[in-house]
Amino acid sequence: MNVQGQIKEYITNQPEPKRSDMQALHSIILESMPACKLWFLDGKNSEGKTVSNPNIGYGLQTIKYADGTTREFYQIGLSANTTGISVYILGIEDKKYLAKTYGKKIGKASVTGYCIKFKALKEIDPDILQAAIRYGVERVL
């Protein structure tokens, strides 16, 4: 199955209302990144063991590690979890930026160094979330 098929299946298999929220977020992210590379990580390691929640990735950036190695990875991530949904904005050097800039304005969400976590889309301001996503995209471009 191709990446778009995996993403569609992942979103479709979520219970409502999470499924509708995930579909809306998928559309919002694609609006901000119309020609981006899509990723789907099933949350399993090379031995087939589950190590994280599955997640959808958008965009492309090169991560540089302390030992000098590099790896391609996505810029924006979307994942369902037991309590709601997480949006990841990766590669931000200032770990306080998201919380400082968007934390008080976004609504009922937990905002950490690179993650915005919330129970349902109706509990946050989607315009503020989209602004945070745009920041994550534009910072890399």
Side-chain angles (χ1 to χ4, degrees), residues 1-103 105-141:
M1 185 182 307
N2 67 17
V3 171
Q4 282 151 328
Q6 290 173 306
I7 291 169
K8 184 177 180 179
E9 182 178 53
Y10 174 60
I11 292 172
T12 300
N13 287 333
Q14 299 303 316
E16 283 296 352
K18 195 180 292 186
R19 175 181 25 225
S20 296
D21 285 354
M22 295 273 298
Q23 187 59 57
L25 288 164
H26 181 63
S27 297
I28 287 169
I29 296 168
L30 288 176
E31 281 176 28
S32 297
M33 309 172 75
C36 71
K37 177 178 179 171
L38 289 174
W39 304 64
F40 183 76
L41 304 176
D42 64 6
K44 294 182 172 42
N45 67 11
S46 58
E47 292 143 21
K49 292 182 182 172
T50 300
V51 294
S52 70
N53 289 322
N55 55 82
I56 303 167
Y58 306 84
L60 179 65
Q61 66 178 326
T62 301
I63 297 173
K64 295 178 181 107
Y65 294 102
D67 66 2
T69 59
T70 60
R71 162 180 134 164
E72 289 187 339
F73 206 61
Y74 56 78
Q75 296 165 266
I76 307 296
L78 175 62
S79 180
N81 56 58
T82 55
T83 59
I85 298 169
S86 295
V87 174
Y88 304 98
I89 302 173
L90 303 177
I92 298 173
E93 288 186 27
D94 180 354
K95 298 302 173 203
K96 295 180 182 174
Y97 181 83
L98 280 182
K100 198 170 42 182
T101 307
Y102 305 106
K105 298 185 258 184
I106 200 160
K108 291 174 102 180
S110 161
V111 184
T112 63
Y114 63 92
C115 180
I116 300 172
K117 184 176 174 181
F118 48 93
K119 185 173 178 159
L121 196 51
K122 68 182 180 185
E123 295 184 353
I124 65 163
D125 183 332
D127 293 334
I128 300 297
L129 178 63
Q130 195 162 21
I133 291 167
R134 270 195 311 272
Y135 171 78
V137 173
E138 291 165 0
R139 176 201 48 71
V140 173
L141 299 177

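What you see is a predicted model; the values in this text were computed from it and never measured. Heavy-atom basis, side chains included; hydrogens, waters and symmetry copies ignored.
- The number of heavy-atom neighbours closer than 6.0 Å to NZ of Lys108, taken from other residues, nucleotides and ligands shown, is 12 or below.
- Residue-environment remark: NZ (Lys96) stays at or below the threshold of 12 foreign heavy atoms within 6.0 Å.
- The CD atom of Glu9 lies 11.0 Å from the CD atom of Gln14; values are rounded to the nearest 0.5 Å.
- In this structure, the side chain of Thr69 does not engage the main chain of Tyr65 through any donor-acceptor pair within 3.5 Å.
- Judged as a side chain to side chain donor-acceptor pair (under 3.5 Å), the pairs with a partner in residues 18-31 (not counting sequence neighbours) are, in order, Glu16-Arg19, Glu16-Ser20, His26-Tyr58.
- Judged by distance alone, with hydrogens and angles left aside, the side-chain atoms of Asn55 form a donor-acceptor pair with the main-chain N or O of Asn53 at under 3.5 Å.
- Each of Ile11, Ile76, Val3 was scored for a side-chain contact (heavy atoms from CB on, under 4.5 Å) with Ile56, with one residue passing: Ile11.
- Here the closest heavy-atom approach between residue Trp39 and residue Glu72 is recorded as CH2-O, 3.6 Å.
- With rounding to the nearest 0.5 angstrom, the CD atom of Gln6 is 9.0 Å from the CG atom of Leu41.
- Using a 30° and 60° split on the angle between ring planes, Tyr135 and Tyr102 fall in the tilted class, from 30° to 60°.
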Compile the donor-acceptor pairs under 3.5 Å between side chains in residues 110-122 and protein atoms, sequence neighbours left out, one pair per line.
| from | atom 1 | to | atom 2 | distance (Å) |
| --- | --- | --- | --- | --- |
| Thr112 | OG1 | Cys115 | N | 3.4 |
| Thr112 | OG1 | Cys115 | O | 3.4 |

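- Shortest non-hydrogen contact noted between Gly136 and Ile89 is CA-CG2, 3.5 Å.
- Closest approach of Gln4 to Leu38, counting heavy atoms only: CG-CD1, 3.8 Å.
- Counting all heavy atoms, side chain and backbone alike, Asp125 lies closest to Asp127 at OD1-N, 2.9 Å.
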